[in-house]
Amino acid sequence: MNRRFFLKSVIGTSITLLGGITAFQWYQNNSLEYPENLPTKFLNQDDQLLITILVPVMLGDLLHTPDLDTSIVNIDETIIRLPLRTQAELRELFDLLGSSIGRLVLAGVWLNWQQAGAKQISAFLTDWRESNLSLLQQAYTGLHQLMISSVYAEPKHWEAIGYPGPPKLF
Amino acid sequence: MTIQYPNTLDYSVDTPEQVIECDVVIVGSGAGGGIAAEVLSRSGFKVLIIEEGPLKTSADFKMKEKEAYAELYQEVTGRQTADKSIQILQGRAVGGSTTVNWTSSFRTPKSTLEHWQKEHAVNGLSSTELSPWFDWVEKRLNISPWTTPPNTNNQLLADGARKLGWKYNVIPRNVKGCANLGYCGMGCPIDAKQSMLVSCIPTALNLGAKLISRARVESLVIEGDKTVGVRLTSMNNLGQIKQKNITTVKAKHTILSAGAIGTPAIMLRSQLSTINPLIGKRTFLHPVTISMAEMPSKVNAFSGAPQSIYSDHFLWRDGVAGELGYKIEVPPLHPLLVSTMLKRHDQQHSEQMKKFANNQANLALLRDGFNEQSIGGSVMLDEYDYPQLNYSPNDMLWRGAKHAMLSMAEMQFAAGAKKVFPVHMDSLGYTSWNETKTAINNLPQEILRWQLVSAHVMGGSAMGKDPQESVCNNDGAFHQLQSLSVLDGSLFPTSLGVNPQLTIYAIIAKLSIKLAENLGGKLPVDLAI
């Protein structure tokens with residue numbers, strides 16, 4: 001079985017567990033509206049949407065709300081510096097996620113995903129993290145690395161964790 | 001005084017010449033290439049240095065993780081082994097990893113060099129024979145034990161070791177006028193760290209050597225049984241290929257100093273594995289396992305010299321060739337790296353990040369490659385001709401990692417930790433040594449879940465007497481071709497058991513002088529050892 005098909009079927013199962021069947025039906029009956037997107041080099045509209053959904057859930061309770069546009073730019077700037085092999089892997093991952101979860105959310109399945117939806121997304125991430133399948137664990141750690149670093153790279157989140165930032169030299 | 005960098009060309013910007021001629025082309029400007037560039041320039045040769053990373057200097061170093069990781073590291077610090085089990089922190093800039101390392105400068109352990117002689121037919125590199133070269137480098141790069149009191153992160157390692165009656169000592173560092181800032185990993189903003197970037201590279205350039213940055217060597221140019229130069233590919237400012245094979249360099253001698261992943265990659269792209277199948281084999285990493293601890297008061301492990309105390313109590317715990325021994329040190333803790341190391345999400349992540357300033361961390365680097373079960377990894381090329389390292393953690397490595405994790409946690413409790421967090425996806429925080437001991441003994445020894453990192457890539461072009469057993473001879477010359485040398489850490493037949501920079505400096509200084517002599521150079525007086 002090729003890797004792509006395998007990953008797709010596994011993700012499909014996860015979606016079903018989240019009640020994805022009705023979600024898909026809902027999605028199919030509704031036209032999609034995308035938020036305004038940023039001029040990124042790697043990330044497409046679906047990817048950007050996915051990031052705006054996943055970043056707040058990944059990061060948990062922060063003192064300051066993460067600036068999602070900054071996260072999108074940071075993630076894009078990271079990915080375009082990675083080897084082409086890694087970029088291809090990430091493209092595959094984002095495409096599969098974009099065609100499932102992102103659209104479910106966009107389609108209004110989780111209208112208030114910041115509250116109720118966030119819990120489900122968090123549980124979904126936990127499923128991947130605890131999965132026996134190394135592909136899903138890899139997907140988790142890959143997304144984790146990109147999303148977490150896109151936030152803690154930014155000075156506005158430093159004070160809350162007791163990091164004063166680099167010393168002033170002169 | 002500002003350091004001058006004359007004779008440099010940035011291939012991401014300038015239109016390159018089509019053919020360049022020189023006496024010696026050196027591929028890579030890190031610990032190996034930097035030393036070789038100084039020695040050969042001072043011996044009167046026309047030297048060209050090729051570096052795939054950018055030329056960034058102290059004026060560019062702003063002590064910010066986001067910028068530093070993107071500009072100065074391979075794959076934005078996310079380089080990893082093929083199965084994603086080990087994250088590899090490796091520099092990619094002029095100066096190589098010496099531009100971003102934490103300055104720890106140890107002489108090679110005598111036992112390691114004896115093992116090389118006995119088991120790998122390495123000659124000429126005994127402690128006695130290397131001693132004058134260590135002396136020379138230590139003077140050249142101002143290496144001496146750190147006399148300023150250690151920061152709290154390091155002090156807690158010392159406290160733990162002392163309470164348990166374990167040996168520990170002060171780390172020698174290559175610094176001059178160090179302000180104890182703690183940002184060595186992002187490039188020294190005050191030129192205090194005596195990296196290749198501020199020492200040997202500018203010395204070579206001011207003697208007339210040329211440097212091309214943002215250029216990658218695609219392959220060697222080989223005529224018959226002789227290497228006659230290299231082909232260059234230009235890179236853009238993102239580190240991606242701009243134009244392949246844009247320039248040919250004609251050189252009387254070619255030196256590969258591209259590190260233990262880059263050097264084998266060039267040889268593989270040049271199809272040399274057909275004449276020497278050992279290229280890229282036996283690559284070692286000093287796999288590192290980490291234990292974090294929450295201390296009762298602030299540690300501020302981002303501030304102060306990153307590494308100043310170490311413990312070798314367990315480095316030879318089962319003899320040289322037995323179970324894997326390890327060296328214990330600490331890593332500096334900055335927000336971005338720590339946040340990605342905590343592989344959990346949502347509130348579990350944010351709650352732990354709130355304790356960031358109270359975190360202490362110990363690391364153990366495992367001495368791989370000293371017995372038949374510890375065979376290291378192998379460098380391969382992917383479908384884009386880009387190197388990838390296969391390295392599969394095995395039972396022996398897991399046993400070593402577990403032993404090390406137990407020792408580090410015990411030290412942290414002895415030093416007063418409230419809670420200890422082994423860096424593993426299945427570990428929670430533990431509040432007592434007994435609880436931690438049980439937990440560590442039960443942590444799954446599985447890739448990804450047991451988080452391993454490495455900052456030391458070695459081997460893959462091993463030196464030795466026998467062409468059937470090694471890639472290069474004891475002078476670093478490639479066995480099967482003329483006019484080709486490897487002068488970097490990929491020559492090592494095993495890992496070292498210490499942070500590698502000083503070993504690379506000393507061995508490469510010795511081998512470079514020998515090469516300069518063989519090529520008919522005029523040896524500098526201080527190096528006619």
Side-chain angles (χ1 to χ4, degrees), chain A residues 41 54-63 70 74 77-89 118-119 121-123 125-126 128-130 132 134 136-138 140-155 157-158 160-170, chain B residues 62-67 69-71 74-80 83-84 87 179 181-183 186 189-190 238-241 298 300 302-303 334-340 342-351 353-358 382-384 386-388 425-426 446-449 451:
Chain A
K41 300 181 190 81
L54 288 183
V55 162
V57 181
M58 272 279 189
L59 271 295
D61 290 333
L62 298 174
L63 191 60
T70 304
N74 285 352
E77 287 292 322
T78 297
I79 295 176
I80 57 177
R81 287 174 169 79
L82 298 177
L84 298 179
R85 178 187 71 245
T86 314
Q87 290 195 28
E89 282 176 19
K119 267 191 196 145
I121 294 168
S122 186
L125 289 171
T126 305
W128 276 27
R129 188 183 186 275
E130 305 308 330
N132 290 323
S134 80
L136 290 189
Q137 283 188 45
Q138 285 178 20
Y140 176 84
T141 55
L143 289 173
H144 182 279
Q145 173 99 12
L146 286 169
M147 297 193 184
I148 294 274
S149 63
S150 78
V151 171
Y152 282 105
E154 296 305 316
H157 301 287
W158 293 348
I161 60 167
Y163 175 60
K168 302 263 181 301
L169 279 187
F170 303 105
Chain B
K62 304 296 184 199
M63 300 184 279
K64 295 204 171 120
E65 289 183 283
K66 178 165 121 178
E67 294 160 26
Y69 298 162
E71 296 291 341
Q74 295 284 1
E75 308 181 26
V76 202
T77 72
R79 181 169 258 188
Q80 50 193 2
D83 63 5
K84 302 187 181 358
Q87 180 185 358
L181 298 171
Y183 288 75
M186 295 166 221
I190 56 170
L238 300 173
Q240 305 290 0
I241 289 173
K298 289 204 170 179
N300 292 339
F302 44 81
S303 179
H334 290 94
L336 198 160
L337 269 195
V338 170
S339 69
T340 55
L342 303 173
K343 297 225 185 293
R344 47 201 73 232
H345 57 274
D346 212 335
Q347 285 181 26
Q348 279 193 11
H349 191 273
S350 51
E351 288 309 307
M353 281 305 286
K354 282 173 191 156
K355 314 226 168 92
F356 170 78
N358 285 47
D382 68 12
E383 57 189 302
Y384 304 95
Y386 187 84
Q388 187 172 32
M425 285 176 73
D426 297 315
E446 290 172 21
I447 64 164
L448 298 177
R449 303 206 79 75
Q451 298 167 231

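Throughout, protein chains are lettered first and strands after them, A, B, ... in sequence-line order, and every chain is numbered starting at 1. Side-chain atoms are counted along with the backbone in the values below, which use heavy atoms only and exclude waters and symmetry mates.
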[X] versus chain A, heavy atoms under 4.5 Å apart: side chain, backbone, both or neither?
X	answer
Lys355(B)	neither
Gln240(B)	side chain
Leu342(B)	backbone
Phe302(B)	side chain
Asn358(B)	neither
Arg344(B)	both

| Any side-chain heavy atom of Lys66(B) sitting closer than 4.5 Å to one from Met186(B)? | no

Out of [options], which one racks up the most heavy-atom pairs below 4.5 Å with chain A?
options	result
Tyr69(B), Tyr384(B), Tyr386(B)	Tyr384(B)
Met353(B), Lys354(B), Lys298(B), Gln74(B)	Met353(B)
Val76(B), Asp346(B), Ile241(B)	Asp346(B)

| task | Go through the steps for Lys84(B) and Ile447(B) under the test side chain to side chain contact (heavy atoms under 4.5 Å, CB included), then give the verdict. | result | CA-CA 8 Å; Lys84(B) 302 187 181 358; Ile447(B) 64 164; over 6 Å; no

| task | List the steps, then state whether side chain to side chain contact (heavy atoms under 4.5 Å, CB included) holds for Gln145(A) with Ile148(A). | result | CA-CA 6 Å; Gln145(A) 173 99 12; Ile148(A) 294 274; over 6 Å; no

| task | Among the options Ser134(A), Ser149(A), Gly165(A), Pro155(A), pick out the one with the most heavy-atom pairs lying under 4.5 Å from chain B. | result |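 Greatest number of close heavy-atom pairs with chain B: Ser149(A).
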
| Given the options Gly162(A), Ala153(A), Pro83(A), which has more heavy-atom pairs under 4.5 Å with chain B than any of the others? | Pro83(A)

| task | Decide side chain to side chain contact (heavy atoms under 4.5 Å, CB included) for Arg449(B) and Thr141(A); before the verdict, give the C-alpha distance in whole Å, the side-chain angles of both, and the deciding distance to 0.1 Å. | result | CA-CA 10 Å; Arg449(B) 303 206 79 75; Thr141(A) 55; over 6 Å; no

| said: Heavy-atom cut-off 4.5 Å, strictly under: side chain, backbone, both or neither for Glu154(A) against chain B? | reply: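 Contact with chain B is through the side chain of Glu154(A) alone.
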
| message | Which residues pass the side chain to side chain contact (heavy atoms under 4.5 Å, CB included) test with Pro166(A), not counting sequence neighbours? | response | Trp158(A), Tyr163(A), Met63(B), Lys64(B), Tyr183(B)

| said: With no hydrogens and no angle check, just 3.5 Å: does a side-chain donor-acceptor pair link Thr126(A) and His345(B)? | reply: yes

| field | Side-chain donor or acceptor of Gln347(B) paired with backbone N/O of Asp61(A) under 3.5 Å | value | no

| query | Between Arg129(A) (side chain) and Lys343(B) (backbone), is there a donor-acceptor pair under 3.5 Å? | reply |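 It does hold such a pair.
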
